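One structure is given below, encoded as structure tokens.
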Amino acid sequence: MDAIEAARAGDPLAVERVLRYYEGYINKLCTRTLYDKDGLPHIGIDEYMKHRLQAKLTEAIVVKN
């Protein structure tokens with residue numbers, strides 16, 4: 001809770017700590033079957049979706065109501 005409160009107060013290191021805490025969960029949400037240039041499937045992380053989720057989490061923490 002202390003990290004979230006510090007992040008809400010605008011501490012960039014605390015925001016980074018919260019993002020690291022949720023990184024495993026975000027990676028799990030973003031795991032997809034991706035295809036290489038030859039059309040072969042492999043499991044990987046959708047980086048675009050990962051960055052979007054991180055941005056939404058950061059926005060939810062930092063935005064003042």
Side-chain angles (χ1 to χ4, degrees):
M1 275 315 267
D2 293 333
I4 292 175
E5 291 302 320
R8 288 188 65 83
D11 181 2
L13 294 176
V15 172
E16 195 64 35
R17 189 179 331 155
V18 172
L19 288 174
R20 276 195 316 266
Y21 179 82
Y22 285 105
E23 184 173 15
Y25 179 65
I26 290 172
N27 285 342
K28 181 72 173 173
L29 291 174
C30 297
T31 301
R32 299 279 181 258
T33 301
L34 304 172
Y35 297 90
D36 62 14
K37 64 180 179 176
D38 297 323
L40 298 173
H42 64 279
I43 303 298
I45 295 175
D46 183 342
E47 291 295 328
Y48 176 75
M49 181 182 276
K50 181 177 179 176
H51 291 298
R52 293 278 312 233
L53 288 175
Q54 288 173 331
K56 288 290 189 179
L57 178 57
T58 302
E59 181 182 331
I61 292 168
V62 176
V63 170
K64 306 278 191 235
N65 291 331

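Computed from a predicted structure; not experimentally measured.
Residues Q54 and I26 come closest through the heavy atom pair CG-CD1, 4.1 Å. Nearest heavy atoms, L29 versus M49: O-SD, 4.0 Å. Minimum heavy-atom separation, A7 to V62: O-CG2, 4.2 Å. For the pair C30 and L53, the tightest heavy-atom approach, listed with the atom from each and the gap, is SG-CD1, 3.5 Å.
Listed by first then second residue, pairs satisfying side-chain hydrogen bond (donor to acceptor under 3.5 Å, both in side chains) with a partner in residues 33-44 number zero, not counting sequence neighbours.
By the side chain to side chain donor-acceptor pair (under 3.5 Å) test, R52 pairs with Y48, sequence neighbours left out.
Interatomic distance, E16 CD to E23 CD, rounded to the nearest 0.5 Å: 9.0 Å. Within the model, atoms CG of L13 and CZ of R17 stand 8.0 Å from one another, a figure rounded to the nearest 0.5 Å. Atom-to-atom distance recorded for L19:CG and L57:CG is 5.5 Å, nearest 0.5 angstrom. Rounded to the nearest 0.5 angstrom, K56 NZ and I61 CD1 are separated by 13.5 Å.
Note: the hydrophobic cluster containing Y25 does not contain I45 (ILVMFWY, side chain heavy atoms under 4.5 Å, direct or indirect links).
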